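Report on the structure given below.
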Amino acid sequence: MKKLSRVLIFISAFAIPIYSYAQQKVQNEYSGQHQIPHLKKQGTATQLIVDDKPFLILGGELGNSSFTSLEYMEPIWPKLRTLNMNTVLAPVYWELIEPAKGRFDFELLDQLIQEARKNDLKIVLLWFGSWKNSMSSHAPSWVKKDQARFPRIKDDKGISHEILTPFSENNLQADLKAYQELMKHIKKTDGNDHTVIMIQTENEIGMLPTARDYSLLANERFQENVPAELLQYLERNKENLVPEFSEIWGKNGFKNSGTWEEIFGTGLQTDEIFMAWYYSKYANSVVEAGKAVYPLPMYVNAALNRPQSKPGISYPSGGPLPHLMDIWKAGGPAIDFLSPDFYFPDLKHWCDLYTRQGNPLFIPEHRFDNTVAAKAAYTLGHYESIGFAPFSVESSGTPENEPLGKMYNVINQLTPMITAHQGQNKIEGVLLDKQNQEIVFQRGNYEFKVRHSYTLGYENNSRNDTWDMAGAIFVQTGDDEFYVAGSGIVATFKNLSNPSLNVGILKVDEGRFENGKEWKIIRHLNGDQTHQGRHVRIFLDNYSILRFELYNYD
Ligand code: DGJ
């Protein structure tokens, strides 16, 4: 009897959530509603869930002034479709939505959202509020013109710049209220459709032309003790702080009380930490206010700093940069993640830094150059990122020829396969060029050696001094079964669990997914196309999906 009642308790513990989930499902189906877009963990990966399915953002960001009229956007929509994008990253401008204090105008935004729907595109809205590339150029005129109420930062010479100071409550409240109205409006008009799937709060926050603000409000704060909230966070996370920040805090012996300079020393690095704290608090308050009405995922982005460059002088000081990650996490718990914008090389270096402490990777901007197709595949594969977006995508004159569109086409087809296997060590991305010709990794029992297809010397351009980048995503779907989507790769294999066995290629098919799931074979690849069973390959000018099976023989 006792046993039976234990079993019943056990069953009912599971039955309740299952029942309520089922009920919820029925309700959703009945009302045609899906859950609001949100982030969800699957194994080690963070997925963006849109309409109850994991969604990979195959995106592109618009130039800063494009999303300002229907007329200007008209010829752009077909380009975005030709690029096979599923998401457009587009600004929403404070100055346009709140032209007079408390008077909101969402007409243009509504029309643009309608157009996005017609073009089957999701939107990540970029809130150009208090800051856009450090500056406050998108603040409405009633803010800009009332410097007494909405104070600016000052540099070390006491000169004002067109940058709202993060130390003013008036500034914060004005921004926050507009943001909240925006989120209310999106909830009201898009709460069922979910065309808007995520929000970037502000844009490339950071202080210029000095490492810290020297306005009256800022100077007062700078003389005060470091807030206990920050110090408690640092104490609690002492063992897991990023090493470059831990080193700074450690220099004066990990002090847990005192002014900014007493704890972190004097100099630009302390000025930057100080700014990062107050910027993150400000952005966090804006995000919290927005999420209180409509909790879409919200993130912030950063202009990266070149090595040895000085905060405030050569890059915006205090933004959500890797060396300030701990400060931003402490000050911005409501912010879902920090994102890098790429305008100089070293993608791997920065992505490695940004994926510390479980920060999910999303790349909202990358210079629209000839590397983006390969990098999209690589970052979605290797970092299992939420998405990728080159900047100013509409600038392409011939979108039908863009490698990006070809790459997005194959990744899009493979998306259900990718998302089903995320976070379980089943996916890998590769990025190869003349300097990095080969990469070795393990999936299941197999070691993969993947080389740039030009290493074979078969393709015309393989004798050129520089090689266009190659990139691909591999997905392991069975013990011996794999898919690869991308271009410019040649793969060979070893059996790691039993090295005395040889690995053979049983089958390679080139194909496509139809209706989102049915695998349709276009060609069986063998003979010259697999070097008589020696390798699996896609040439650089091809963008394709291959399914292949391996086997072992002695
Ligand atoms: C990064 C910014 O975030 C973008 O809005 C844009 O200004 C680019 N830089 C450069 O054009």
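Hydrogens, waters and symmetry mates play no part in the numbers below; they use all other heavy atoms, side chains included. Start at 1 and go down the list; that is how both ligands and their atoms are numbered. Source: prediction; values computed, not measured.
Residue pairs that meet the salt bridge (charged side-chain N to carboxylate O under 4.0 Å, His left out) test with at least one member in residues 291-306, sequence neighbours left out, are K291-D336.
Remark: the Q173 side chain and the E169 side chain contain an N/O donor-acceptor pair separated by less than 3.5 Å. In the model, Y454 has no side-chain atom that pairs as donor or acceptor with a side-chain atom of D468 under 3.5 Å.
In this structure, W94 has its ring center no closer than 6.0 Å to that of F128. Ring pair Y279/W328: centre-to-centre distance not below 6.0 Å.
The side-chain tip of R212 points at the ring of Y214 from less than 6.0 angstrom away and within 45° of straight on.
Around ligand 1, the residues contributing at least one heavy atom under 4.0 Å from the ligand are N64, K132, N133, N203, E204, D341, Y343, E365, F391.
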